[in-house]
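Throughout, protein chains are lettered first and strands after them, A, B, ... in sequence-line order, and every chain is numbered starting at 1.
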Amino acid sequence: MERREWMKVMALSLGGSLALPESVFAQMAAPLDVAKLKFFSEPQRKLVGVISETIIPRTDTPGAIDAGVPGWIELIVQDCFNEADQKLITDGLTAIESLSATAFQKPFAELSTEQRIKLLTALEQESKKENGGQGSFIRKFKDLTKFTYASSEEGATKAFDFQLVPGRWEPAMPLKPGQKAYPI
Amino acid sequence: MNLTLKGKAEHTFDAIVVGSGISGGWAAKELTEKGLRTLVLERGRDVEHIAGYTTTNSAPWQLQHQNMTSRDMLAKQKVQNRTGYTVKPGHGQYFVNDLEHPYIEEKRFDWMRGYHKGGRSITWGKQSYRLSPIDFEANAKEGISIPWPIGYKDLAPWYDYVERFAGISGSKEGLDILPDGIFQPPMGLTPVELDLKSAVEKKWSGRKVIPGRAAHLTAPTEEQLKLGRASCQYRNLCMRGCPFGAYFSSQSATLRAAELTGKMTLRPHSIVHSILFDDETNKAVGVQIIDELTMETTEFFAKIIFLNASTIPSTSILMNSKSKRFPNGMDESGSLGGYLMDHHLGVGAGGILETHPDKTTFGRRPNGFYIPRFRNHTEKPNQDYLRGYGYQGGGLRQGWSRQIDGFGEDFKKEFTSFGPWSLYMGGFGEWLPYEDNRISLHPDKKDKWGLPLVVANAGYKDNEVRMRIDMKNDAIEMLEALGAKNITSNNDAPSLGLGIHEMGTARMGSSPKESVLNPHNQVWGAPNVFCTDGSAMTSAGCTNPSLTYMALTARAVDHAVSEMKKGNL
């Protein structure tokens with residue numbers, strides 16, 4: 001998939017929803033080669049973008065899409081996950097759309113932010129009834145979103161305090177209110 | 001041998017060192033500094049110091065799959081991945097391709113290794129502890145296996161010697177179970193680790209919580225600075241190779257020192273097939289190698305041979321070195337290949353602390369705290385077993401990977417903030433030497449270089465299983481004493497190899513009837529062959545063993561060169 005095309009898909013992925021400003025797609029970081037992404041169908045790709053941005057929205061720091069999270073997710077599901085985990089993800093995406101259709105009679109991308117959070121929260125709470133949520137789609141997808149965001153340049157350097165070479169060890173540094181955590 | 005005289009001269013050195021990892025690097029340094037022209041044979045590729053560390057400065061987003069293991073990597077390194085942390089894009093290149101390096105597991109054996117210059121000195125954990133007099137005496141006192149032929153006093157000056165050069169950060173504690181050494185300043189404990197120290201030392205008078213002793217420079221000496229080594233920069237990306245030379249590796253320290261003498265020739269891609277033994281003089285004359293890339297066979301000659309290929313490869317070379325004198329390999333005791341040990345781990349406990357919300361750490365300390373052995377020492381065991389264990393652990397604030405409920409802005413705020421402090425400790429237990437924990441060479445099956453495949457048949461027994469019950473429960477009790485919440489514990493099935501501390505199989509002893517190596521690490525019957533890696537270990541202790549290999553090596557080289565000068569080798 002071409003980068004330009006990818007940007008278009010991402011831009012369209014929120015459909016008619018006004019919940020997310022169009023501008024979040026303008027400077028999507030792309031240190032990964034989107035031409036190599038072949039795993040998701042276009043509707044799946046859009047949905048991954050919407051879910052990840054719902055998990056980590058743009059605030060005063062970059063959101064999931066700014067950080068290239070959807071692309072990293074696709075790359076990792078495609079190249080790192082085994083078949084069972086790949087199926088967990090694709091089945092989970094299908095389930096989200098059907099939950100959305102049942103609850104709101106709309107595709108997930110067209111829901112308001114509040115509705116999307118409500119749906120994901122219900123899914124998360126439900127999943128925790130079994131094995132504390134381990135092995136569920138929502139846990140897997142959320143963990144992957146967290147990982148790819150914290151490991152991305154935008155996320156690590158803007159939402160977190162990334163230090164490649166800290167240069168010293170302070171075992172007990174005073175913590176300031178609102179201080180950003182470390183990505184590694 | 002079809003070499004001309006000139007050819008033979010070009011292939012002749014004063015000494016040959018097989019292997020360039022932790023102990024081989026030491027042999028190279030000591031031999032060359034004593035003036036011997038030394039050939040170092042490395043079976044794998046060259047890895048240049050700094051320039052060869054291709055991933056060392058990569059941020060997560062600059063690594064393949066953000067440093068997550070891909071299926072393609074896993075297809076080639078499935079065995080190497082058994083630790084769960086070894087096969088990552090950042091450092092997977094320092095572990096072997098399992099497809100090229102098969103072995104046979106009659107029982108599960110997790111053989112984590114890297115075939116390249118520097119070996120596992122690039123990826124090691126750097127925890128550096130001395131064996132104690134108690135460890136050296138245990139076999140004799142308990143009638144287990146055979147006694148060590150040397151005592152702590154024999155090795156103590158050599159521990160001093162290697163610590164001074166390698167650079168070990170740590171604190172002096174005056175403990176008999178964990179002798180002090182030559183230390184650079186310790187890496188400080190975090191607030192929750194200090195709380196653990198107070199709580200544990202108050203409740204149990206025989207237990208101590210101390211900073212880990214690790215081979216990282218914190219106040220480099222002039223000698224270390226001259227080698228181009230600098231203080232630790234607290235990146236904790238050590239397994240990728242350190243561009244500051246801040247931790248001890250062959251590249252940063254010993255091989256660099258050996259290079260500076262101008263006496264070292266290092267030949268990569270040189271797989272040693274066997275040691276050449278002269279039945280007339282009763283001495284080894286050299287080694288036969290196979291070029292890893294061209295498959296060509298070559299011979300090299302020297303007066304002294306140091307085997308430092310790491311535990312199992314060194315033993316395999318001894319087994320594969322057959323002559324009239326040694327028709328079954330270089331051993332007459334029957335102990336070669338037996339008594340394989342590791343440290344058993346994968347057992348411990350962790351919890352959450354509600355204390356010190358106003359503090360965090362800065363920097364990534366490549367180290368933690370250490371709790372020296374107390375069972376069968378200051379305290380009797382609850383279960384019936386011999387020996388004991390130490391704990392390694394750390395107490396840091398939780399990061400983004402903790403479980404946080406919810407989605408959206410509120411979730412993001414918490415996700416990018418510090419979590420509570422959490423503290424984990426994991427035990428490292430002594431594995432007893434058992435005669436039937438063996439490796440051998442397969443009679444028919446061979447690798448692509450025609451070398452016989454290693455067969456592993458070794459595992460854990462009752463002593464290890466019983467010890468682990470205490471290892472888990474003591475960890476839980478210490479976390480309770482600290483006041484930790486949500487305590488969770490684990491006791492995975494112990495697997496030989498996961499400690500990556502393979503030891504034994506060519507043990508030292510005081511008689512050729514029961515050991516492979518004499519008290520100076522010379523092969524009985526072939527006194528100019530020395531073996532000073534993990535294979536020499538007569539028992540395992542419960543502390544990380546690399547420092548002991550360094551000390552054994554420096555001591556053996558000193559002996560070798562003085563014997564050579566006397567005309568005895």
Heavy-atom pairs under 4.5 Å with chain B - which of [options] has more of them than the others?
options	value
A:Q179, A:R168, A:K176	A:R168
A:I117, A:D161, A:D79	A:D79
A:G178, A:A156, A:P183, A:P177	A:P183
A:T145, A:T121, A:T148	A:T148
A:A64, A:G132, A:S151	A:S151

Considering only residues two or more places apart or on different chains, which pairs with a residue in residues 71-93 of chain B satisfy salt bridge (charged side-chain N to carboxylate O under 4.0 Å, His left out)?
B:R82-B:E105, B:R82-B:D110
Using the side chain to side chain donor-acceptor pair (under 3.5 Å) rule, take A:S152 and A:E154 through it: C-alpha gap first, then chi angles, then the decisive distance, then the call.
CA-CA 6 Å; A:S152 72; A:E154 287 286 294; over 6 Å; no
Using the test ring pair (Phe, Tyr, Trp, His ring centres under 6.0 Å), find all partners of B:F362 that sit at least two apart in sequence or belong to another chain.
none
Partner of B:Q80 by side-chain hydrogen bond (donor to acceptor under 3.5 Å, both in side chains), out of B:N97, B:D98, B:T86
B:D98
Qualifying residue for side-chain hydrogen bond (donor to acceptor under 3.5 Å, both in side chains) with A:E74, from A:Q44, A:K38, A:R45
A:R45
[X] versus chain A, the contacting section by heavy-atom distance below 4.5 Å:
X	answer
B:T360	both
B:L74	neither
B:N236	neither
B:Q62	neither
B:L237	side chain

Residues of residues 412-424 of chain B within contact distance of chain A, non-hydrogen under 4.5 Å
B:K412, B:F415, B:T416, B:S417, B:F418, B:W421
Counting a contact as any heavy-atom pair under 4.5 Å apart, which residues of residues 51-59 of chain B contact chain A?
B:N57, B:S58, B:A59
